[in-house]
**Student:** 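Handing you this structure, nothing more for now.
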Amino acid sequence: MKKLSDNEIIESILKGNENDFALLVDRYKDKAFSLLCSILKNDMDAEEALQDSFIKAYNGLNSFRRDSKFSTWLYKIVYNTGLTAISNKKRKIEMEMSSIDDTHYLKDEDNKVYGTSENAEDYLLKMIDKLPVRNALAVILFYLDNLSIKEISEVLDLSLVNTKVLLHRSRNLLRELLMKHNFQEELL
Amino acid sequence: MKNKYDELVNRYIDNELNINEIEEVESLVNSNNKFKTYLAVHKFVHETLYKIPLKPAPAGTTELIMSRIVSRLSDKYKKSYFFRVVLTILNLVIITILFLLFFYINNSEMETTNVANTVTQYFGPAIKKIYNVISSDIFRTISGLAGFIILLGFYFYYNSFKQLKEKLKQL
């Protein structure tokens with residue numbers, strides 16, 4: 001059976017087949033949930049925000065202009081819903097990478113993760129969740145969702161240059177952490 | 001090391017270097033062990049990040065979201081349904097009044113006249129004027145048209161109710 005494109009599904013929903021929205025939910029719920037877990041660091045909050053994000057997307061479907069991909073538009077909603085959830089709960093999550101010492105920020109978490117990691121890969125993948133929110137999101141959107149730098153910049157509402165810097169910093173940070181624990185000996 | 005080569009290595013990973021810069025990287029790999037290690041670890045980071053596991057959304061998420069959407073839709077339809085009921089009742093009242101008027105004017109002319117006379121006695125010339133208007137041909141034509149429009153309204157109302165039922169069935 002032919003897999004319907006996002007735009008075909010949206011067209012059908014707008015024609016009155018509301019239950020076709022389930023196809024979009026099925027298609028994006030896991031990726032959206034991964035993003036929300038990175039933002040909220042809590043599965044229960046992420047689940048609630050996930051539902052809210054899709055309801056918002058459904059309600060705003062009429063206003064979705066097809067000049068960007070549906071996924072980019074949806075992830076922007078997911079990101080903003082995540083941020084709202086953070087501000088509602090008044091969590092103290094540092095958002096601005098430029099103002100903090102990356103390694104210092106991660107120090108406590110890093111030691112915990114290192115103690116429970118089997119190898120370099122395991123350590124690295126666990127550390128993604130411990131990165132500051134925007135860094136983690138840039139990495140996930142780029143590597144997991146295969147979004148381009150331009151699309152990530154739209155989702156995170158950053159300039160192209162800043163998005164690129166954010167992604168580079170995230171990689172540099174992870175590399176520094178690996179080298180700090182001498183994982184290079186395992187890799188070479 | 002960090003500041004000096006960070007940008008070069010990142011651009012190398014992203015295939016953004018020109019030929020001269022690629023040659024520079026290759027020469028550094030051959031001559032500088034620290035850079036070689038640095039690049040190898042960076043490549044490892046880049047390749048491993050493609051293995052980020054997808055966190056599956058909890059079971060039943062789709063059903064939960066769709067049920068929330070359906071309940072909102074039902075509320076929306078219920079609201080418009082309420083107004084339709086009010087409009088229908090109003091239509092019925094108008095039709096009943098028109099029917100009664102026609103009945104008095106056409107079938108019980110004597111009685112109607114008596115009633116009108118009595119009414120006129122009590123409520124004065126204003127009511128008499130209204131009575132004259134409603135017993136005129138123009139009024140009959142207009143009320144006939146109004147009746148037709150109301151019937152048409154009934155048809156559309158019935159049709160939209162059928163559509164609502166179908167939509168709810170689909171969901």
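Numbers restart at 1 for each chain; the letters A, B, ... are given by sequence-line order, proteins then strands. Computation of the quantities below employed the complete heavy-atom set of this structure, encompassing side-chain atoms and omitting hydrogens, waters and symmetry-equivalent molecules.
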**Student:** Taking the side chain as every heavy atom from C-beta outward, state whether His42(B) and Leu178(A) have any pair of such atoms under 4.5 Å apart.
**Tutor:**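 No. Closest side-chain heavy atoms not under 4.5 Å.
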
**Student:** Let me confirm one number: the CD1-CG distance from Ile69(B) to Asn19(A), rounded to the nearest 0.5 Å.
**Tutor:**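 The CG atom of Asn19(A) is 10.0 Å from CD1 of Ile69(B), to the nearest 0.5 Å.
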
**Student:** Could you see if Leu151(B) belongs to whatever hydrophobic cluster contains Ile149(B)? Use Ile, Leu, Val, Met, Phe, Trp, Tyr and a side-chain cutoff under 4.5 Å.
**Tutor:**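 Leu151(B) does not cluster with Ile149(B).
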
**Student:** Is the closest side-chain heavy-atom distance between Val25(A) and Glu63(B) below 4.5 Å?
**Tutor:**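 A side-chain contact is absent here, since even the closest heavy-atom pair is not under 4.5 Å.
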
**Student:** Determine whether Leu141(A) and Val165(A) fall in the same hydrophobic cluster, where Ile, Leu, Val, Met, Phe, Trp and Tyr are linked whenever their side-chain heavy atoms lie under 4.5 Å apart.
**Tutor:**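 Leu141(A) and Val165(A): separate clusters.
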
**Student:** Would you name the heavy atoms of Leu50(A) and Thr61(B) that are closest together and state the gap between them?
**Tutor:**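 Heavy-atom minimum between the residues: CD2-CG2, 3.5 Å.
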
**Student:** Under a 4.5 Å cut-off applied to non-hydrogen side-chain atoms, are Phe54(A) and Met66(B) in contact?
**Tutor:**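 Contact flag for Phe54(A)/Met66(B) side chains = no.
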
**Student:** Shortest non-hydrogen contact from Val45(B) to Leu124(A)?
**Tutor:**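 Answer, listing the atom of Val45(B) first, then Leu124(A): CA-CD2, 3.8 Å.
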
**Student:** What's the shortest heavy-atom distance between Leu144(A) and Ile52(B), and which atoms?
**Tutor:**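 Heavy atoms only, the tightest pair is CD1-O, 3.3 Å.
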
**Student:** Side chain, backbone, both or neither: which part of Asp129(A) has a heavy atom under 4.5 Å from chain B?
**Tutor:**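 For Asp129(A), the side chain is the part near chain B, not the backbone.
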
**Student:** Between Lys164(A) and Glu7(B), is there a salt bridge with N-O shorter than 4.0 Å?
**Tutor:**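 Salt bridge absent between Glu7(B) and Lys164(A).
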
**Student:** Identify which part of Ala32(A) has an atom lying under 4.5 Å from any heavy atom of chain B, answering side chain, backbone, both or neither.
**Tutor:**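 Contact with chain B involves no heavy atom of Ala32(A) at all.
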
**Student:** Atom CD1 in Ile140(A), atom CG in Leu49(B): separation rounded to 0.5 Å?
**Tutor:**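 Output value for this atom pair is 10.0 Å.
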
**Student:** Do Thr48(B) and Leu174(A) make a side-chain contact, defined as non-hydrogen atoms from C-beta onward lying under 4.5 Å apart?
**Tutor:**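 The answer is no, as the side chains (C-beta and beyond) never meet within the 4.5 Å cut-off.
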
**Student:** Determine the option with the most heavy-atom pairs under 4.5 angstrom with chain B, choosing from Phe142(A), Phe183(A), Tyr143(A).
**Tutor:**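 Option with the top pair count is Tyr143(A).
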
**Student:** Working to the nearest 0.5 angstrom, can you tell me the gap between Phe44(B) CZ and Met179(A) CE?
**Tutor:**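 Between Phe44(B) CZ and Met179(A) CE, I get 13.0 Å after rounding to 0.5 Å.
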
**Student:** Go through the structure and list residues passing side-chain hydrogen bond (donor to acceptor under 3.5 Å, both in side chains) with Ser34(A), not counting sequence neighbours.
**Tutor:**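 Here no residue qualifies.
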
**Student:** Report yes if the side chains of Asp14(B) and Arg171(A) come closer than 4.5 Å at any heavy-atom pair, otherwise no.
**Tutor:**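 Yes, at least one pair of side-chain atoms sits under 4.5 Å.
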
**Student:** With a 4.5 angstrom heavy-atom cut-off, which part of Leu64(B) approaches chain A: side chain, backbone, both or neither?
**Tutor:**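 Only the side chain of Leu64(B) comes within 4.5 Å of chain A.
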
**Student:** Would you mind checking which part of Asp43(A) comes under 4.5 Å of any heavy atom in chain B, side chain (CB onward), backbone (N, CA, C, O), both or neither?
**Tutor:**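 Only the side chain of Asp43(A) comes within 4.5 Å of chain B.
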
**Student:** Would you say the side-chain atoms of Asp30(A) pair up with the backbone N or O of Leu54(B), donor to acceptor, closer than 3.5 Å?
**Tutor:**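 No: the side chain of Asp30(A) does not pair with the backbone of Leu54(B).
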
**Student:** What's the verdict on side chain to side chain contact (heavy atoms under 4.5 Å, CB included) for Asn172(A) and Val9(B), showing C-alpha distance, side-chain angles and the deciding distance?
**Tutor:** CA-CA 9 Å; Asn172(A) 296 342; Val9(B) 168; over 6 Å; no

**Student:** Any salt bridge linking Arg175(A) with Asp6(B)? Criterion: basic side-chain nitrogen under 4.0 Å from a carboxylate oxygen.
**Tutor:**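 Asp6(B) and Arg175(A): salt-bridged.
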
